[in-house]
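Structure first, commentary second.
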Amino acid sequence: MNVIFSVIFIASLAVMAIIAPDKLLSSLLGGAERSAKMALTLFCIYAVWMGVSRLAEKSGLSKQAARALKPLSRKLFKTENEAASENLAMNLSCNLLGIGGAATPYAVKAIGELEKDGNERAQKLLFVINATSIQIIPSTVMALRTSAGSAAAFDTFLPSLICTVFSTAVAVFLFLSWRAAWQKFKRKSKKKKAGRA
């Protein structure tokens, strides 16, 4: 990715140096300023939500959330691992609040626990769900829009909810369908090989 971004940056600089050399320096400085401002805004958002999630963990709320989501975890991820269930619950709740950056550490921990159990299906499914992630409250987007001076920062609520529910449902359906078809294909291949032997 670094190589790709470097190539794009250098190509953009070259084009701008030819087309509008007088605006090159001001564009670079303006872009750097906006990037720093956005990074600071995101830092503040994640600091707050990471603090909240840490408090939830310390107070035992995450364990209660894990218990509440345990039937879903068992059915969807097919795991009995308590640590994995707790991290899955925290990951899902962070994604529901629209703070994907805060959800990532829990996903990493959950993947580690699922790997111990050899639950490859659950690892892949977690990746699919995190890539699409249902967002009840798109808090990161709302905070960024507010910091950019949007007059209606919360207008993204309903469209975001509809899009993320739809994308997650489709992604999970496609993953489970593909996996079932692949398992069926593998079984047929094994039977054919056994019949030839």
Side-chain angles (χ1 to χ4, degrees), residues 1-8 46 49-50 52-54 56-57 60-141 156-197:
M1 285 302 275
N2 288 339
V3 173
I4 293 168
F5 284 127
S6 298
V7 169
I8 291 169
Y46 287 133
W49 286 111
M50 287 300 285
V52 169
S53 63
R54 189 74 177 150
E57 210 174 299
L61 282 172
S62 62
K63 285 185 180 174
Q64 289 174 8
R67 266 189 232 115
L69 290 169
K70 203 170 182 181
L72 176 69
S73 293
R74 279 184 182 154
K75 194 169 185 178
L76 196 60
F77 295 102
K78 297 188 177 174
T79 183
E80 296 292 328
N81 186 322
E82 288 290 328
S85 293
E86 189 175 326
N87 285 306
L88 286 165
M90 286 304 291
N91 173 266
L92 293 172
S93 60
C94 284
N95 277 324
L96 288 171
L97 292 171
I99 43 173
T104 304
Y106 296 109
V108 171
K109 288 178 189 173
I111 294 272
E113 290 296 328
L114 293 167
E115 200 168 1
K116 288 177 191 173
D117 299 340
N119 194 339
E120 193 180 312
R121 175 196 175 275
Q123 291 175 27
K124 289 176 181 174
L125 184 57
L126 180 61
F127 179 80
V128 168
I129 289 171
N130 270 277
T132 55
S133 73
I134 295 171
Q135 292 183 10
I136 294 173
I137 305 166
S139 53
T140 302
V141 173
T156 58
F157 170 74
L158 192 59
S160 176
L161 180 62
I162 292 166
C163 290
T164 56
V165 166
F166 180 74
S167 65
T168 302
V170 170
V172 169
F173 172 76
L174 288 173
F175 171 77
L176 295 175
S177 301
W178 170 83
R179 188 167 172 86
W182 180 249
Q183 295 293 341
K184 195 174 180 181
F185 173 76
K186 280 171 75 176
R187 280 195 296 271
K188 281 184 179 178
S189 297
K190 282 182 183 176
K191 280 181 185 177
K192 281 181 183 178
K193 283 178 185 177
R196 285 173 191 166

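Predicted, not measured: the structure shown is a model, and the values here were computed from it.
A 4.5 Å side-chain heavy-atom check between Leu92 and Ile129 finds at least one atom pair inside the cut-off. With contacts defined as side-chain heavy-atom distances shorter than 4.5 Å, the pair Leu114/Lys124 does not qualify. Under the 4.5 Å side-chain criterion, counting only non-hydrogen atoms from C-beta, Arg179 is in contact with Gln183.
Nearest approach of Lys78 to Arg121, heavy atoms of both residues: CG-NH1, 4.0 Å. Of all heavy-atom pairs between Asn119 and Thr79, the closest is ND2-CB, 4.0 Å. Taking every heavy atom of both residues into account, Ala84 and Ala110 meet most closely at O-CB, 4.2 Å.
Between the CD atom in Glu113 and the CG atom in Leu88 there is a gap of 10.0 Å [rounded to 0.5 Å]. Here CG of Leu76 is found 9.5 Å from CG of Leu126. Values are rounded to the nearest 0.5 Å. Between the SG atom of Cys163 and the CG atom of Leu158 there is a distance of 9.5 Å, given to the nearest 0.5 Å. A distance of 4.5 Å separates CG in Asp117 from CG in Asn81, rounded to the nearest 0.5 Å. Here NZ of Lys188 is found 15.0 Å from NZ of Lys186. Values are rounded to the nearest 0.5 Å. Note: Glu120 CD to Ile111 CD1 = 10.5 Å, rounded to the nearest 0.5 Å.
Classified by interplanar angle (parallel below 30°, tilted 30° to 60°, perpendicular above 60°), the ring pair Phe175/Trp178 is tilted.
Between the side chain of Asn87 and the main chain of Ala83, a donor-acceptor pair closer than 3.5 Å is present. Side-chain N or O atoms of Thr164 include one that pairs as donor or acceptor with a backbone N or O of Leu161 at under 3.5 Å.
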